[in-house]
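Since the structure is predicted, the reported quantities are computational estimates derived from the model, not experimental observations. The chains referred to below are lettered A, B, ... by the order of the sequence lines, with proteins before strands, and numbering in each begins at 1.
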There are 2 protein chains.
Amino acid sequence: MDKDILTLENQLCFAVYSASHAFTRAYKPLLADLGLTYPQYLVMLVLWERRSATVGEIGAALSLDSGTLSPLLKRLETAGLVRRERSREDERQVTVHLTAEGAAARSKAEKVMAGIAERVGCSLDEMVALRENLNSLRKHLEG
Amino acid sequence: MDKDILTLENQLCFAVYSASHAFTRAYKPLLADLGLTYPQYLVMLVLWERRSATVGEIGAALSLDSGTLSPLLKRLETAGLVRRERSREDERQVTVHLTAEGAAARSKAEKVMAGIAERVGCSLDEMVALRENLNSLRKHLEG
DNA sequence: CATAATTATATTGCGCGCAATATAGTTTCG
DNA sequence: CGAAACTATATTGCGCGCAATATAATTATG
């Protein structure tokens, strides 16, 4: 059916779009306990893995540019979770470090996020399969 | 592994989040030919199906509230694609109508969007399955 | 029938997301 | 070495997305 090309419910992109917003809405009250927005939480996930990272490394990990990250990182710094400093080897780069408070927030996040897996309503295997399908989709869209 | 709970690559929500942004980025140059942003395109999809709809109906279809839709619809009106008018039966409601130009934009959109299905790199059956999984996920997150 | 409760939309404010531009530091190359 | 090309981050501006609030119209209730 040719006219179905533009029919809303057939649009895969809308399914991704609305699922993404549903995730953000579901996470919001949990993250509010940590004083984090969802994008800020993503940045903290990167730092909890690496302890520190440059702005560019965070941007590469999350596909976000400095226009998004610069003000976001300032807010995390104001909140006391990270510290930013120009690296001495290459003064163009800014390295973002976890503070003690930022590092400590991880165990709090683990407690808060512990129950989220049950909210998605599918098995762990289904979650993994869905994640892989989405990552494959993203790579094709980018390629 | 307990520490994997917060590991970025295991996060289904990040896969959804980044796939959504990848979709928006892929659509952007195509929609630019129509003078539309992605959320504006979603509103046009609703109107191309119904010819006219109230602000509330559009919001229900897209899970968007008046804080998002009111200014967006004003921009569509300024662009000449829609016309907004208070309904006479219930003056609280605003009905959004397609203009002739807005209705005509549909065939242009069909041409511009025709090739997008190949960009996602999977079969139509896989697209349908992925869409259904995402819709199921969204419902669980909302419920 | 008056008033309270509800409903539909609009406005304000803030945090993304990203394009375009600016600034400053580094590398390359004649 | 010195100018040009390049790189990393910051800033500005605009359009969402959404919470909180405001306004005006409708419905419910005493």
Could you tell me how far apart [X] ([atom1]) and [N] ([atom2]) are, to the nearest whole angstrom?
X	N	atom1	atom2	value
H21(B)	dC16(D)	NE2	C1'	11 Å
D90(A)	dT9(D)	CG	P	8 Å
L36(B)	dG15(D)	CG	P	13 Å
D65(B)	dT12(C)	CG	C1'	13 Å
E89(A)	dT7(D)	CD	P	19 Å

Examine [N]: is either OP1 or OP2 under 4.0 Å from a nitrogen or oxygen in the side chain of [X]? Give yes or no.
X	N	value
K74(A)	dT11(D)	yes
S70(B)	dA10(C)	yes
R84(B)	dA10(C)	yes
Y17(B)	dG17(C)	yes
K28(A)	dC16(C)	no
R75(A)	dC14(C)	no
Q40(B)	dG15(D)	no

Hey, can you tell me if F23(A) and Y27(A) have their rings parallel, tilted or perpendicular (30° and 60° cut-offs)?
perpendicular
Which part of the nucleic acid, if any, lies within reach of [X] when heavy atoms closer than 4.0 Å are counted: base, sugar-phosphate only, or nothing?
X	answer
S63(B)	sugar-phosphate
L69(B)	nothing
G56(B)	sugar-phosphate
E57(A)	nothing
T37(B)	sugar-phosphate
T54(A)	sugar-phosphate

Quick one: does M44(A)'s side chain get under 4.5 Å of Q40(A)'s, heavy atoms only?
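When only atoms from C-beta onward are counted, Q40(A) and M44(A) do not touch, as no gap falls below 4.5 Å.
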Under 4.0 Å between a Lys/Arg side-chain N and an Asp/Glu carboxylate O for R83(B) and E85(B)?
yes
So does K139(B) get a backbone contact from the side chain of E142(B), meaning a donor-acceptor N/O pair under 3.5 Å?
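No, the answer is negative, given that no donor and acceptor are paired below the 3.5 Å cut-off.
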From dT9(C), dC18(C), dT9(D), nucleotide with atom closest to Q93(A) side chain:
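Within the option list, the nearest is dT9(D).
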Side-chain-base donor-acceptor pair under 3.5 Å for R92(A) and dT7(D):
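In this structure, the two groups form a donor-acceptor pair.
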Pick the nucleotide of DNA chain C nearest each of P39(A) and S66(A); which residue has the one closer to the 5' end?
P39(A)
Steps toward salt bridge (charged side-chain N to carboxylate O under 4.0 Å, His left out) verdict (E77(A), R84(A))
CA-CA 7 Å; E77(A) 189 169 42; R84(A) 296 180 309 147; 3.1 Å; yes
